[in-house]
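On a predicted model such as this, the values are computed, not experimentally measured, just so you know.
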Amino acid sequence: MTQNLLGGLPPTELPDNPEARESLENGLDPFEVAARHPDYPAAWAELADRAFANGSVIDSYAFARTGYHRALDQLRRAGWKGQGPVPWEHEANRGFLRSLHALGRAAAAIGEDHEAERCKTFLRDSSPTAADTLEAS
């Protein structure tokens with residue numbers, strides 16, 4: 001775990017899932033990765049991104065929400081208390097952060113403005129680096 005030298009809440013780092021991560025990295029269809037590893041947020045984030053790119057906003061919303069909630073469960077098990085940093089720099093956190101971004105993007109696309117703003121704020125509060133990186137993509 002990364003040491004927080006500035007005080008405040010310590011960063012939360014999710015555990016890695018090497019089998020699921022390597023499956024995605026090696027080009028396995030994210031539907032198959034999600035079916036084999038339904039608790040792996042990066043698979044859901046990938047599905048959300050693909051659906052959004054294909055114009056399937058409702059599918060993107062559903063995939064993103066699934067990844068987001070799966071990650072919240074993992075964050076809580078990792079000691080997260082509902083606030084504090086979730087660093088983008090820790091690779092295993094990226095599935096959560098990508099799902100959160102995708103959820104906000106899809107919410108905005110369907111006019112769910114309050115949810116979109118909540119997700120945007122939550123993303124920036126969790127990881128300014130993730131917010132900057134994902135908003136630029």
Residues Glu117, Lys120; criterion salt bridge (charged side-chain N to carboxylate O under 4.0 Å, His left out); working and verdict: CA-CA 5 Å; Glu117 190 57 38; Lys120 185 176 183 175; 5.2 Å; no
Sequence-distant partners of Arg50, side chain to side chain contact (heavy atoms under 4.5 Å, CB included), two or more places apart: Pro30, Glu46
Reported CG-to-CG distance for the pair Leu123 and Leu97, which is rounded to 0.5 angstrom: 6.0 Å
Mutual orientation of the aromatic rings belonging to Phe96 and Phe122 [parallel < 30°, tilted 30-60°, perpendicular > 60°]: perpendicular
Salt bridge (Lys or Arg N to Asp or Glu O under 4.0 Å) pairs, two or more places apart, involving residues 52-63: none
Sequence-distant partners of Thr129, side chain to side chain contact (heavy atoms under 4.5 Å, CB included), two or more places apart: Trp88, Glu89, Ser127, Thr133
Check against side chain to side chain contact (heavy atoms under 4.5 Å, CB included), Glu91 and Asp16: CA-CA 8 Å; Glu91 181 77 28; Asp16 187 23; 5.9 Å; no
Same apolar cluster: Leu47 and Leu24, side chain cutoff 4.5 Å: no
Results of side chain to side chain donor-acceptor pair (under 3.5 Å) for Asn17 - residues two or more places apart only: none
Which atom of Gly95 lies closest to which atom of Ala45, heavy atoms considered: O-CB, 3.9 Å
Residues which pass side chain to side chain donor-acceptor pair (under 3.5 Å) with Arg76, listed by chain and number, not counting sequence neighbours: none
Side chain to side chain donor-acceptor pair (under 3.5 Å) partners for Asp132, two or more places apart: Arg124
Results of side chain to side chain contact (heavy atoms under 4.5 Å, CB included) for Pro15 - residues two or more places apart only: none
Contacts of type side chain to side chain donor-acceptor pair (under 3.5 Å), residue Glu115, not counting sequence neighbours: Arg65, Arg118
Interatomic distance, Leu75 atom CG to His69 atom NE2 [nearest 0.5 angstrom]: 12.5 Å
Please tabulate, for the side chains in residues 80-87, all donor-acceptor contacts under 3.5 angstrom to protein atoms that are two or more places apart in sequence or on a different chain.
unit_1 : atom_1 : unit_2 : atom_2 : d
Trp80  : NE1    : Gln83  : O      : 3.3

Contact check, side chains of Gln74 and Pro41, non-hydrogen atoms, under 4.5 Å: yes
Common cluster, Ile58/Tyr68, ILVMFWY with side-chain heavy-atom separation under 4.5 Å: yes
Residues forming a side chain to side chain contact (heavy atoms under 4.5 Å, CB included) with Leu28, sequence neighbours excluded: Ser23, Glu32, Val33, Arg36
Pairs meeting criterion ring pair (Phe, Tyr, Trp, His ring centres under 6.0 Å) with involvement of residues 27-61, two or more places apart: Phe31-Phe63
Between side-chain atoms of residues 100-110 and protein atoms elsewhere (two or more places apart, or another chain), which donor-acceptor pairs fall under 3.5 Å?
unit_1 : atom_1 : unit_2 : atom_2 : d
His101 : NE2    : Leu134 : O      : 3.4
Arg105 : NH1    : Asp49  : OD1    : 3.4
Arg105 : NH2    : Asp49  : OD1    : 2.9

